[in-house]
Amino acid sequence: MTDEELIARFIQVRRSEDEVLLLVQTIQWHGPHTPVSECVVAKTLPPGTSDVQVEKAVSRLVTNRKYFRACVECHERNPVGWMSGDSCHGCAERDGIVF
C-alpha cells in the first residue's frame, strides 16, 4: 500500500474543542483466521493545531514502526498486524509460512 492508502484506511483525525486526536487502526489476531481491529489514540494535539501541522503529524505516523513496517522482501509498508516478523503476510505465505 502507498502511504496515502495507509492514511486513508488506517488513520483517523478527530477534532474537538479540547484536542485533536490522531487514531490508528491496529490489527490483532485471535486465532489464525480471526483479525480484530481496534482504533487507538496514537497522538494528541492541541485544539488550535493547523491542518498543515495535522497532516505532518499524520505523515509521521505512517513511518512509526509501532504501527506500520516495510516488508524486507517486497518493501511494501503494511500495518504491523499484517506482518510476520520482518515480512508481510503475503511474502511469508509465499515463503512457506502457514497461518
Side-chain angles (χ1 to χ4, degrees):
M1 295 184 135
T2 66
D3 288 354
E4 292 78 18
E5 290 170 325
L6 290 171
I7 290 168
R9 186 163 176 189
F10 295 102
I11 298 177
Q12 298 174 27
V13 177
R14 292 195 186 149
R15 290 182 180 266
S16 73
E17 291 181 10
D18 301 321
E19 60 195 0
V20 178
L21 297 177
L22 304 184
L23 299 116
V24 176
Q25 180 182 349
T26 61
I27 302 160
Q28 303 291 323
W29 291 87
H30 293 234
H33 304 289
T34 312
V36 177
S37 297
E38 176 185 22
C39 283
V40 298
V41 176
K43 186 150 183 83
T44 303
L45 301 169
T49 304
S50 73
D51 290 342
V52 171
Q53 291 170 313
V54 170
E55 286 178 28
K56 286 180 182 179
V58 166
S59 293
R60 284 192 297 273
L61 281 178
V62 173
T63 62
N64 186 326
R65 289 183 48 82
K66 181 177 180 179
Y67 304 110
F68 303 99
R69 295 198 184 140
C71 174
V72 296
E73 296 184 45
C74 69
H75 307 290
E76 186 171 311
R77 194 182 319 266
N78 291 284
V80 168
W82 290 357
M83 300 291 289
S84 180
D86 290 330
S87 296
C88 68
H89 284 177
C91 288
E93 282 186 26
R94 282 190 292 281
D95 291 341
I97 302 291
V98 178
F99 294 100

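By convention here, the first residue in the shown sequence is residue 1.
Closest approach of Val20 to Pro46, counting heavy atoms only: CG2-O, 3.5 Å. Between Met1 and Glu5, the shortest heavy-atom distance links the atoms CA-OE1, 3.3 Å. Contact between Cys71 and Cys74 at its shortest, heavy atoms only, is SG-N, 3.5 Å.
Leu21 and Leu6 are members of different hydrophobic clusters when ILVMFWY side chains are connected at heavy-atom separations under 4.5 Å. Under the 4.5 Å side-chain heavy-atom criterion for ILVMFWY residues, a single connected hydrophobic cluster contains both Val13 and Val24.
Put simply, the side chain of Trp29 never gets that close to the backbone of Val36: no donor and acceptor are under 3.5 Å apart. Glu93 places no side-chain N or O within donor-acceptor distance of the main-chain N or O of Gly90, the cut-off being under 3.5 Å. Side chain of Arg69 to main chain of Arg65: a donor-acceptor pair is present (N/O by atom type, distance under 3.5 Å, no hydrogens or angles). Within the 3.5 Å criterion, the main-chain N or O of Leu45 finds no donor-acceptor partner in the side chain of Thr49.
Taking Ser37 as the reference, Gln25 meet the side chain to side chain donor-acceptor pair (under 3.5 Å) condition, with sequence neighbours excluded. By the side chain to side chain contact (heavy atoms under 4.5 Å, CB included) test, Lys66 is found to be paired with Asn64, residues two or more places apart in sequence or in another chain being considered. Under the salt bridge (Lys or Arg N to Asp or Glu O under 4.0 Å) criterion, Asp3 pairs with Arg77, not counting sequence neighbours. Take Ile7 and apply the side chain to side chain contact (heavy atoms under 4.5 Å, CB included) test, not counting sequence neighbours, and it matches Ile11, Val58, Val62. Taking the salt bridge (Lys or Arg N to Asp or Glu O under 4.0 Å) definition, one finds that Arg15 meets it with Asp51, sequence neighbours left out.
Shown are Cys88, Cys91, Ser87; of these, the side chain to side chain contact (heavy atoms under 4.5 Å, CB included) with Asn78 is made only by Cys88. Just one residue in the list Leu61, Thr26, Ile27 forms a side chain to side chain contact (heavy atoms under 4.5 Å, CB included) with Phe10, and that residue is Ile27.
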Report task. Might you work through the side-chain hydrogen bond (donor to acceptor under 3.5 Å, both in side chains) test for Ser16 and Glu19, ending with a clear yes or no? Result -> CA-CA 5 Å; Ser16 73; Glu19 60 195 0; 4.8 Å; no
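Within the model, atoms CD of Glu76 and OG1 of Thr2 stand 9.0 Å from one another, a figure rounded to the nearest 0.5 Å. Note that NE2 of His75 and CD of Glu73 are 8.5 Å apart. Values are rounded to the nearest 0.5 Å.
For residues 52-63, the set of pairs meeting the salt bridge (charged side-chain N to carboxylate O under 4.0 Å, His left out) definition, not counting sequence neighbours, is empty.
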